[in-house]
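Numbers here are sequence positions counted from 1. Both backbone and side-chain heavy atoms feed into the values below; hydrogens, waters and symmetry mates do not. Bear in mind that the values here come from a model prediction, so they are computed numbers and not experimental data.
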Amino acid sequence: MGLTRQDEETNLSKTLSVVRRNVAEYGKEVERMQGDIDEMLAHYHDNDTEVLTILNNTVTLHEHMKRALIRNEKALSRPYFGRIDFKDEKTGKPESLYIGKGGIAIDTTHWMVIDWRAPIANVYYENGLGKCSYPAPGDISIPIELKLKRTYEIEDGQLLDFFDTEVVANDDLLTKYLAKNKQAVLGEIIATIQKEQNEIIRKSPYHNIIVQGVAGSGKTTVAMHRISFILYNYAERFKPDDFYIVGSNRILLNYITGVLPDLDVFGIRQMTMEQLFVRLLYEDWDDKQYRVTGTEQTARNSIKGTLPWFRDLQAYCQELEWQTIPRESVFLNPRQFVEGIQNGKTGVFDMTAGKKVRPSDLKELVSQETIERYIRQNPSVSIQSKINMLNDRLLGKIKDEFLGKGVSYTENERKAIRKAYRGTYGGKVWKQSIYELYQDFLIKQSAKGYDIPFPETAFDVYDLAALAYLYKRVKETEIISEAHHVVIDEAQDFGMMAYCVLKFCIKDCTYTIMGDVSQNIHFGYGLNDWEELKDLMLADEMDSFGILKKSYRNTVEISEFAGRILHHGQFSIYPAEPIIRHGSPVGLLKVSEKDVRIQK
């Protein structure tokens with residue numbers, strides 16, 4: 001590829017020709033598929049499984065084709081934003097690749113523009129000129145020599161300018177983009193992803209990451225690009241419905257809803273933390289009987305969001321479990337139930353009734369040590385599931401006794417024994433309401449000096465967290481698969497109680513947690529530092545803690561002023577590093593009366 005402006009104009013023209021051709025072809029294909037779908041729906045019968053299979057496949061292909069059409073229609077305005085020229089160190093072959101928000105295909109095997117999420121595109125964000133490498137499928141590293149990195153400014157299909165740079169999107173280029181309106185900036189973010197942001201976006205989804213990002217560092221946008229990257233590169237493992245996006249309010253989630261389709265991401269479930277806990281209550285939540293309320297921001301109430309409060313709830317459930325499940329050894333007397341005739345009646349009779357049983361007549365089925373060890377070694381299994389398992393295990397031991405070479409039992413004797421031992425550890429379903437359990441927990445907490453009233457019908461996020469934990473820890477018998485990756489934004493707004501419950505309730509799941517502890521507005525029960533959460537979530541050596549310290553929102557003057565305020569706090573601080581953009585000095589207004597302050 002040539003390097004002159006004329007060369008770039010020629011390439012842009014060729015690319016747009018491919019895009020226009022794709023739009024025409026994809027449009028016809030979308031229309032044809034819609035006709036096929038309408039035809040099949042018109043003639044479909046409930047018992048025609050073959051047509052149903054074809055219909056489902058056609059609908060899926062139709063959705064993919066519509067998204068490809070939309071992607072190419074958007075590319076008519078700006079088909080790409082970057083370019084890399086490099087030499088493959090192994091083959092010595094020079095290559096030139098253009099990078100865009102979406103891949104633009106020439107045919108099924110050749111690409112005019114590669115997708116920003118492709119492994120090779122990492123070079124554009126991560127590396128300077130010279131020798132470097134990029135990751136390929138199969139954990140292979142491909143060595144290359146990067147010769148050129150170029151960024152383009154294209155609007156409405158017209159090449160306005162281009163920049164060759166060592167570090168993509170330096171402060172001058174960023175300032176130019178940030179001078180545009182908010183919607184335009186969103187469209188430019190993929191072109192201006194910084195190295196620190198790129199590292200977080202491309203982290204493995206199989207491990208947890210916590211990100212401390214200062215105000216204006218692009219936390220939310222980075223999180224959304226991370227989802228897009230994962231879906232593109234780990235398509236065999238992650239589907240859109242494997243993700244939950246959790247935010248502190250609907251305004252944030254509505255913003256996210258608008259961002260995701262532009263990143264070629266569809267079908268991601270988004271919810272507030274309260275909605276997630278309600279979801280985890282399953283059939284025990286009744287919208288007609290209960291409602292969600294905001295958290296009362298008082299010193300008395302703040303304890304509910306803390307790690308000690310969660311540990312108290314853990315201890316409560318452990319004590320409940322210890323008191324509920326019988327732990328004594330269980331014995332069988334082979335001579336107890338005997339089929340015969342008594343008082344002229346036939347049946348199976350208890351031959352030990354009213355008699356003293358000799359220990360030598362008893363056979364141990366399950367020992368107390370075995371029961372207590374099982375309870376202790378399975379803290380994540382609900383009390384009800386343990387009861388059911390122990391009942392099944394006991395009946396299994398009885399079955400083994402029937403098959404043994406010792407005493408021979410008649411069928412009626414076997415039935416009598418099974419009946420006598422059935423439900424030894426409890427019934428199949430937990431009877432007590434989790435709301436009653438929560439009330440009992442609060443009563444016990446009040447004896448420790450915590451004055452937390454039972455909420456009756458209106459529950460805040462930490463009440464809901466406690467209820468979700470009680471459901472999972474006490475009564476759950478059917479494990480329902482939830483998300484495989486949870487993205488939490490504005491993480492500082494939630495206390496450790498919420499995170500401990502999430503980690504317990506949603507298993508086999510990894511987390512991307514984004515926040516700024518300097519912006520915690522719930523000082524009593526939100527996160528004032530990351531240390532407790534790091535201990536909880538970053539237990540694996542491959543888990544990571546990232547920092548986004550550059551602010552793209554504030555001027556130098558605002559960032560320095562905010563930093564001076566943060567230094568007065570008694571908590572970890574992460575001062576912002578602004579890009580070089582100056583503004584007016586921060587003014588101070590001193591007033592004596594509240595009403596005057598509000599008016600000003």
Report task. Using a strict 4.0 Å threshold on nitrogen-to-oxygen distance, state whether Arg5 and Glu9 make a salt bridge. Result -> yes
Report task. Look at Glu63 together with Lys66 and state whether they make a salt bridge at an N to O cut-off of under 4.0 Å. Result -> yes
**Report entry** Cation-pi geometry met for Lys534 and Phe545 (6.0 Å, 45°)
**Finding:** yes
Query raised in the report: Taking all atoms of both residues into account, what is the closest heavy-atom pair of Val123 and Ile84, and its distance?
Result: CB-CD1, 4.3 Å
Query raised in the report: So, Phe310 versus Tyr469, ring centres under 6.0 angstrom or not?
Result: yes
Report task. Using modelled atom types only, decide if a donor and an acceptor are shared between the side chain of Ser217 and the backbone of Val214 within a distance under 3.5 Å. Result -> yes
Query raised in the report: At their closest point, which heavy atom of Leu16 faces which heavy atom of Ala75, and how far apart are they?
Result: CD2-O, 4.0 Å
Requested in this report: Would you indicate whether the side-chain heavy atoms of Val501 and Met497 approach each other to under 4.5 Å?
Outcome: yes
Query - Atom CD1 of Ile479 with >12 non-hydrogen neighbours under 6.0 angstrom - result: no
Query raised in the report: More than 12 non-hydrogen atoms from neighbouring residues, nucleotides or ligands closer than 6.0 Å to CD on Glu25, yes or no?
Result: yes
Query raised in the report: Does any N or O in the side chain of Arg269 come within less than 3.5 Å of the main-chain N or O of Asp241, such that one atom is a donor and the other an acceptor?
Result: yes
Query raised in the report: Which distance, rounded to the nearest 0.5 Å, do you find between the CD1 of Ile227 and the CD1 of Ile256?
Result: 7.5 Å
Query raised in the report: Is Lys131 salt-bridged to Glu89, cutoff N-O under 4.0 Å?
Result: yes
Report task. Indicate the ring-plane relationship of Tyr152 and Phe162, choosing parallel, tilted or perpendicular according to the 30° and 60° boundaries. Result -> tilted
Query raised in the report: Between Arg67 and Asp264, is there a salt bridge with N-O shorter than 4.0 Å?
Result: no
Query raised in the report: Can you tell me if Thr510 uses its side chain to pair, donor with acceptor, with the backbone of Pro205 under 3.5 Å?
Result: yes
Query - Atom pair CD1 (Ile142) and NZ (Lys90), whose distance is rounded to the nearest 0.5 Å - result: 5.0 Å
**Report entry** Derivation of the side-chain hydrogen bond (donor to acceptor under 3.5 Å, both in side chains) call for Asp540 and Asn208
**Finding:** CA-CA 8 Å; Asp540 189 279; Asn208 296 333; over 6 Å; no
**Report entry** Sub-4.5 Å side-chain heavy-atom contact between Asp36 and Glu39
**Finding:** no
Query - NZ or CZ of Lys507 within 45° of Phe504 ring axis and under 6.0 Å - result: yes
Query raised in the report: At what distance, to the nearest 0.5 angstrom, does CD1 of Ile37 lie from CD1 of Ile54?
Result: 12.5 Å
Query raised in the report: Is the side chain of Glu8 donor-acceptor paired with the backbone N or O of Leu3 at a distance under 3.5 Å, no angle test?
Result: no
Query - Check: Gln194 main-chain N/O paired with Gln197 side-chain donor or acceptor under 3.5 Å - result: yes
Query raised in the report: Do Val246 and Asp489 come close enough that some side-chain heavy atom pair is under 4.5 Å?
Result: no
Query raised in the report: Is there a donor-acceptor pair under 3.5 Å between the side chain of Asp88 and the backbone N or O of Ile144?
Result: no
Query raised in the report: Are Tyr499 and Glu532 side-chain neighbours, meaning at least one heavy-atom pair lies under 4.5 Å?
Result: no
Report task. Give the intermediate values and the outcome of side-chain contact (heavy atoms from CB on, under 4.5 Å) for residues Leu527 and Phe494. Result -> CA-CA 6 Å; Leu527 296 180; Phe494 308 108; over 6 Å; no
Query - Any donor-acceptor pair under 3.5 Å from Ser544 side chain to Ile209 backbone - result: no
Report task. Mind running side-chain hydrogen bond (donor to acceptor under 3.5 Å, both in side chains) on Asn56 and Thr58 for me, showing each step along the way? Result -> CA-CA 5 Å; Asn56 288 335; Thr58 305; over 6 Å; no
Query raised in the report: Would you call Glu145 and Lys147 a salt bridge, using N to O less than 4.0 angstrom?
Result: yes
Report task. Go through the steps for Trp111 and Ile106 under the test side-chain contact (heavy atoms from CB on, under 4.5 Å), then give the verdict. Result -> CA-CA 5 Å; Trp111 295 85; Ile106 301 173; 6.0 Å; no
**Report entry** Donor-acceptor under 3.5 Å (Asn249 side chain, Ile251 main chain)
**Finding:** yes
Requested in this report: Verify whether the ring centers belonging to Tyr234 and Tyr206 lie closer than 6.0 Å.
Outcome: yes
Requested in this report: Tell me, with the steps shown, if Asp262 and Lys101 meet salt bridge (charged side-chain N to carboxylate O under 4.0 Å, His left out).
Outcome: CA-CA 9 Å; Asp262 204 42; Lys101 287 177 66 175; 2.8 Å; yes
Query raised in the report: Taking Asp7 as the fixed residue, which of Asn11, Thr10, Thr4 is the one that meets the side chain to side chain donor-acceptor pair (under 3.5 Å) rule?
Result: Thr4
Query raised in the report: Can you check side-chain hydrogen bond (donor to acceptor under 3.5 Å, both in side chains) on Glu155 and Ser77, steps first, answer last?
Result: CA-CA 6 Å; Glu155 288 185 8; Ser77 175; over 6 Å; no
Query - pair Val265-Met224: side-chain heavy atoms closer than 4.5 Å - result: no
Report task. Give a yes-or-no answer on whether the side chains of Gln492 and Asp516 include a donor-acceptor pair shorter than 3.5 Å. Result -> no
Query raised in the report: Under 3.5 Å, is there a donor-acceptor pair between the side chain of Tyr80 and the main chain of Gly102?
Result: no
Query - Backbone N/O of Thr272 and side chain of Gln275: donor-acceptor pair under 3.5 Å - result: yes
Query raised in the report: Would Val222 and Ile201 satisfy side-chain contact (heavy atoms from CB on, under 4.5 Å), going step by step from the backbone distance to the final call?
Result: CA-CA 6 Å; Val222 168; Ile201 289 170; 3.7 Å; yes
Query raised in the report: Could you give the distance from CG (Asn127) to NZ (Lys195), rounded to the nearest 0.5 Å?
Result: 7.0 Å
Requested in this report: Would you mind reporting whether Glu29 and His62 have side-chain heavy atoms less than 4.5 Å apart?
Outcome: no
Report task. Would you indicate whether the side-chain heavy atoms of Ile99 and Val113 approach each other to under 4.5 Å? Result -> no
**Report entry** Heavy-atom closest pair, residues Val19 and Asn72
**Finding:** CG1-O, 3.1 Å
Report task. Please name the pair of heavy atoms, one in Arg117 and one in Asn233, separated by the smallest distance, quoted to 0.1 Å. Result -> O-ND2, 2.8 Å
**Report entry** Candidates His484, Glu482, His485 - the one meeting side chain to side chain donor-acceptor pair (under 3.5 Å) with Tyr244
**Finding:** Glu482
Requested in this report: Determine whether more than 12 heavy atoms belonging to other residues, nucleotides or ligands lie under 6.0 Å from atom CG of Asp38.
Outcome: yes
Report summary line: One should read off an interatomic distance between Leu502 CG and Met496 CE, to the nearest 0.5 angstrom, of 10.5 Å
Query raised in the report: Do other residues, nucleotides or ligands put more than 12 heavy atoms under 6.0 Å from Lys472 NZ?
Result: yes
**Report entry** Sub-4.5 Å side-chain heavy-atom contact between Leu260 and Phe266
**Finding:** no
Report summary line: On a heavy-atom basis, the closest approach of Met537 and Asp543 is O-OD2, 3.2 Å
Report task. Locate the shortest heavy-atom distance separating Asp85 from Ser96; write the atom from each residue and the value. Result -> OD1-OG, 2.6 Å
Query raised in the report: Can you tell me how far NZ of Lys239 sits from CD1 of Ile268, rounded to the nearest 0.5 angstrom?
Result: 12.0 Å
